[in-house]
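In what follows, chains are A, B, ... by sequence order, proteins preceding strands, each numbered from 1.
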There are 2 protein chains.
Amino acid sequence: MFSKTCEYAIRAMIFIAQKSKDGSKVGIKEIAKGIDSPEHFIAKILQELGRKRLLQSVKGPNGGFYLDDESLQCSLADIVKVVDGDKLFTGCGLGLKQCSETHPCPIHHEFRSVRKGIQTMLENAKLGAFTEELEKSLTFLKR
Amino acid sequence: MFSKTCEYAIRAMIFIAQKSKDGSKVGIKEIAKGIDSPEHFIAKILQELGRKRLLQSVKGPNGGFYLDDESLQCSLADIVKVVDGDKLFTGCGLGLKQCSETHPCPIHHEFRSVRKGIQTMLENAKLGAFTEELEKSLTFLKR
DNA sequence: TAAATAAAAGATAAAAATGTCTTTTATTTG
DNA sequence: CAAATAAAAGACATTTTTATCTTTTATTTA
């Protein structure tokens, strides 16, 4: 469904969101451990998300990554678009570039509703909304 | 959503299904052209589908690939399972191996219904059912 | 201002997916 | 049976994705 890169991105952003709720910042080492990902690999991903303003960071002592109030309103769809592009939301299920509403592939119409469901779900999933269940250990991000 | 390999596989199987309706067989060259894919690459994929009995073939003059009545009843879900495995249907959206109903990731429950939608859609899409619209050029497989 | 800290950036490597080319095997037909 | 045909199989190449390691830049604190 998502690339591995995107899975890491989502997990990291949810992790940072949780840590950001009380205004604190979190270092890349802690993030990598917290979501069980390669440190430098997730660092690259976060740099990209930072450039796209989905995430904030500061260098130096007491620095780290965090999400401001606006970023906490980001949805998973926003992250997916930055990392994997929007082919999941708009691309043809069979990979046909010329596929469209008026020139559909054999599964175009069936796919439309499925895709819509994915998009709606991801757009409604705001980063700030995962904290409570994580705190209560009703959900998890590593193992 | 699917790997490129799987996209080719589905396109090829729908193509062969169409040709098989009148009992004729179709060669790998014609398939590759018909779905706009690399010839030897799709050949490999069809060999695998053949080994799994989703597809029939005969060698030699007048040989080629075809689908018997049973294979025409195959669903796209069957093909996806052979080519991409069942991670699309059962895997965690965030790539967490330990994720389950009782130990869910933050998006587990939201994902369940989306995944179910995909699975239902693919299981209901039988290879034999695409022919008519293709014949009428209401849908297409290349460009 | 010097030292320490932590992200940013760059370079390289490994693994997986995708694509191409050649040889082998099975089948049919004359 | 010999030749032609077409799939099966094997070897190899390229591209993309994923992962690792090193250097640079920015910031803070003593």
(message) Does A:Phe2 form a side chain to side chain contact (heavy atoms under 4.5 Å, CB included) with A:Leu76? I'd like the steps, not just the answer.
(response) CA-CA 11 Å; A:Phe2 307 128; A:Leu76 299 192; over 6 Å; no
(request) For residues B:Lys21 and B:Thr131, report the shortest heavy-atom separation together with the two atoms involved. (result) NZ-OG1, 3.2 Å
(request) Provide the full list of ring-ring contact (aromatic ring centres under 6.0 Å, His included) pairs with a residue in residues 61-105 of chain B, sequence neighbours left out, each pair given once. (result) A:Phe140-B:His103
(message) Quick check for you: to the nearest 0.5 Å, what is the distance between A:Leu94 atom CG and A:Cys99 atom SG?
(response) 7.5 Å
(message) Would you say CD of B:Glu132 has more than 12 non-hydrogen atoms from neighbouring residues, nucleotides or ligands within 6.0 angstrom?
(response) no
(request) Would you indicate what A:Gly50 reaches in the nucleic acid, counting non-hydrogen atoms under 4.0 angstrom: base, sugar-phosphate, or nothing? (result) nothing
(request) For DNA chain C, note the earliest and the latest nucleotide, 5' to 3', having some atom under 4.0 Å of a heavy atom belonging to chain B. (result) C:dT18 to C:dT29
(request) Would you indicate whether the side-chain heavy atoms of B:Asp78 and B:Lys52 approach each other to under 4.5 Å? (result) no
(message) Set out, in order, the CA-CA distance, both residues' side-chain angles and the distance that settles salt bridge (charged side-chain N to carboxylate O under 4.0 Å, His left out) for B:Arg51 and B:Glu48, then state yes or no.
(response) CA-CA 5 Å; B:Arg51 276 190 291 270; B:Glu48 171 71 6; 3.1 Å; yes
(request) Mind running a 4.0 Å heavy-atom check of residues 5-39 of chain B against DNA chain C and sending the residues that fall below it, in number order? (result) B:Thr5, B:Tyr8, B:Pro38
(request) Find which nucleotide of DNA chain D each of A:Ile42 and B:His40 is nearest to by heavy atoms, and output the residue with the more 5' nucleotide. (result) B:His40
(message) Assuming nearest nucleotide by heavy-atom distance, tell me which of A:Pro61 and B:Lys59 is located more 5' along DNA chain C.
(response) A:Pro61
(request) Kindly indicate, with the supporting measurements, whether the criterion salt bridge (charged side-chain N to carboxylate O under 4.0 Å, His left out) is fulfilled by A:Arg53 and A:Glu70. (result) CA-CA 10 Å; A:Arg53 312 290 171 194; A:Glu70 193 182 347; over 6 Å; no
(request) Find the distance B:Lys4:NZ to D:dT16:P and express it as a whole number of Å. (result) 10 Å
